[in-house]
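Numbering of residues begins at 1 and proceeds along the displayed sequence. Values in this document were obtained by computation on a predicted structure and should not be read as measured data.
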Amino acid sequence: MFTHRTSRPLRLALATATALSLTGGGLLALAGSAAAAPAKYADDFNGDGYRDYAEASLGGSFAVTYGTATGPGTVRKTFTQNSPNIPGAAGDAGGTGDAFGDDLAAADLDRDGYADLAVTDFTEKVSGKTGSGAVVIMWGAKSGLGAKATRLPVGAVTHRGFGKAVETGDFDGDGKPDLAVVDSLDTAYIFRGGFSKTGTTGKVTKHTLPLSSPDILEPTGLVAGQVTKDKATDLYVLGQGYRKDKMTQDAWFLRGGTTVKPAAKVTPINNTAPDYSPTGVIADFDKNGYGDLAVSDTAHNKGAGSVVVVRGGASGPTTTYRLTQSTAGVATGATKNDGFGVALSAGDTNRDGYPDLAVNSAEEKVGSAAAAGGVHLLRGGKKGLTGTGSQWFTRSTAGVPGSPTADERFGLNLRLRDTDRDGDADLLIGDKDYEQTSLLLPGGASGITTAAVTKLGVWPSFPQ
């Protein structure tokens, strides 16, 4: 599908940031009792009032850079299963590699004022069951993450792949943060709050496509956010399907509420080819009160790629539309294996109230440099996402340091985030892979600018 991707960027996704994209960059403060005083930010792991930066990875690790008043600071820590207090064993996946840290999701799960981090490892061997999979909750504290960690209580099943993806959100609308997890087979699990450091959770429900559904879905990712206008967080399960003798890519909607209501059928994204590592984000791009799903379809048009937007409505998904590099107003042209949409991130970059969407095209040729890569910024508006007023950033863009280099894949990873807390989202673009750094392009009244590009010691390994 494309030459290289770092750990699954859905990843999707933190649920925190999905909610931020819906509110144009505001704070996420999950409701709780006054006595509980939950963390102001759902990714403030040390409770100092600043958002921290968790980075998913490959090879059995993840990293956290602690935030300051001006953005990411210099205090950074990397965790593996060899780190103190973390359950499980590093590299125990039977020769298939260690997926610890492949996906992350943050929330103050025990509502003690410190954000916590759910860390997946779908390859983990549990109770002698190879590939059963596990999700570890790293508990926040004044010292940050690392003092205590516990596993979600799930029975072991060989090759189930529990923890293929994880998201946080208030899926039952009771004001307590919950956790959604999918396995590699066919099941989504929702763990209700409250959570405790002893490993207990609230009620757990399991969800699979109804037997009456004509569709088959193997989960590959999760996206959480508010699609309908109620107070509960909704959920999309992304996955590969099988229809009319062809592999497909689909999105399955689960409506949040006191009782989670799964859709009877999936929403087709690509009827002829799957995306084994899809990326998605929910945001209200047309500001009609319903959250829209923007999801990658990188197999489209011989790998040129596209983004499919599933409009939200009163009861869930409605109609869809597609954006490509052939869309009017979008720079460059769609060519084979461009990888348009491999990474996505949403946020309001110019404070107009409409979330925008950052979309990479990591395999794009820039000048004579093959696979030099770049990032598109698509504007939200009354009609949703369009190419009107879109921006295109590469190493050849004035103000961006360096020059286009073959096979660099500039923008392979990206994130929209209000790093300086001025109300508009800034764009972090993955710099050089081996440096694990990013370039920060600030947002402003006219959108993303290159007037004051700076280098940061964080790696935007998932879109939010």
Side-chain angles (χ1 to χ4, degrees), residues 1-12 55-58 275 277-279 281 294 296-307 323-327 330-346 349 356-378 387 390-417 426-441 447-450 453-456 458-464:
M1 176 206 24
F2 58 94
T3 305
H4 170 69
R5 175 180 283 182
T6 58
S7 62
R8 191 186 62 83
L10 243 175
R11 349 266 251 106
L12 62 198
E55 305 166 29
S57 183
L58 288 175
D275 184 337
S277 188
T279 304
V281 63
S296 62
D297 178 13
T298 53
H300 177 73
N301 190 18
K302 298 181 180 180
S306 70
V307 175
L323 298 154
T324 72
Q325 288 183 110
S326 296
T327 299
V330 177
T332 74
T335 55
K336 183 179 179 180
N337 294 326
D338 278 346
F340 179 81
V342 167
L344 308 173
S345 188
T349 63
D356 308 309
L357 187 71
V359 185
N360 75 347
S361 184
E363 304 289 335
E364 185 74 29
K365 184 177 182 180
V366 180
S368 61
V375 175
H376 297 271
L377 196 285
L378 306 181
S390 68
Q391 296 176 277
W392 170 237
F393 302 97
T394 71
R395 290 285 189 185
S396 65
T397 302
V400 176
S403 56
T405 303
D407 299 320
E408 181 184 0
R409 297 176 179 85
F410 181 67
L412 179 61
N413 290 286
L414 52 83
R415 192 188 305 193
L416 283 172
R417 184 169 182 176
D426 310 304
L427 176 61
L428 285 81
I429 300 177
D431 197 10
K432 296 181 179 178
D433 206 354
Y434 58 84
E435 291 183 356
Q436 297 289 284
T437 58
S438 62
L439 297 180
L440 173 64
L441 283 62
I448 299 299
T449 72
T450 59
V453 176
T454 56
K455 178 175 281 193
L456 299 178
V458 295
W459 180 242
S461 58
F462 54 95
Q464 300 298 333

Worksheet item: If only atom types and distance count, is the side chain of Q391 paired as donor or acceptor with the main-chain N or O of L377 below 3.5 Å?
Response: no
Worksheet item: Heavy-atom distance under 4.5 Å between the side chains of R395 and T405, does that happen here?
Response: no
Practice prompt. Can you see which heavy atom on S345 is nearest to which on L416, and at what distance?
Written response: OG-N, 2.9 Å
Worksheet, complete the sentence: T332 meets the side-chain contact (heavy atoms from CB on, under 4.5 Å) criterion, sequence neighbours left out, with Q325, E364, H376, W392
Worksheet item: Do R415 side-chain atoms and L427 backbone N/O form a donor-acceptor pair below 3.5 Å?
Response: no
Worksheet, complete the sentence: Value for CG (L428) from CZ (R417), rounded to nearest 0.5 Å, stands at 8.5 Å
Worksheet item: Are the side chain of N337 and the backbone of G303 linked by a donor-acceptor contact shorter than 3.5 Å?
Response: no
Worksheet, complete the sentence: Correct closest heavy-atom pair for L378 and S390 would be CD2-CB, 3.9 Å
Worksheet item: Ignoring hydrogens and geometry, is there a side-chain-to-backbone donor-acceptor pair from S361 to G374 under 3.5 Å?
Response: no
Worksheet, complete the sentence: Across all chains, not counting sequence neighbours, the side-chain contact (heavy atoms from CB on, under 4.5 Å) partners of K455 are D431, E435, T437, L439
Worksheet item: So do L357 and L344 actually touch side chain to side chain, heavy atoms under 4.5 Å?
Response: yes
Worksheet item: Which pair of non-hydrogen atoms, one from V453 and one from G399, has the smallest distance, and what is that distance?
Response: CG2-O, 3.5 Å
Response to the item:
Tightest non-hydrogen contact, residues T298 and G341, listed as CG2-C, 3.9 Å
Worksheet item: Which residues pass the side chain to side chain donor-acceptor pair (under 3.5 Å) test with S438, sequence neighbours left out?
Response: none
Discussion item. Using only atom types and a distance under 3.5 Å, with no angle test, would you say the side chain of N360 pairs donor to acceptor with the backbone of G411?
Written reply: yes
Worksheet, complete the sentence: The side-chain contact (heavy atoms from CB on, under 4.5 Å) partners of T335 (sequence neighbours excluded) come to D338
Worksheet item: Do you know the tightest heavy-atom contact between D275 and S296?
Response: OD2-OG, 3.3 Å
Practice prompt. For residues G387 and V330, report the shortest heavy-atom separation together with the two atoms involved.
Written response: CA-CG2, 3.8 Å
Worksheet item: Do N301 and T324 get their side chains close enough for a donor-acceptor pair, meaning under 3.5 Å?
Response: no
Item to complete: Using side-chain contact (heavy atoms from CB on, under 4.5 Å) as the criterion, list what pairs up with T397, not counting sequence neighbours.
Response: F393, T394, V400, T450
Worksheet item: How far does CD1 of I448 sit from CG of D356, to the nearest 0.5 angstrom?
Response: 8.0 Å
Fill in: Under 3.5 Å donor-acceptor, T279 side chain and A343 backbone
no
Worksheet, complete the sentence: Sorted by chain and residue number, the salt bridge (charged side-chain N to carboxylate O under 4.0 Å, His left out) partners of D426 (sequence neighbours excluded) come out as none
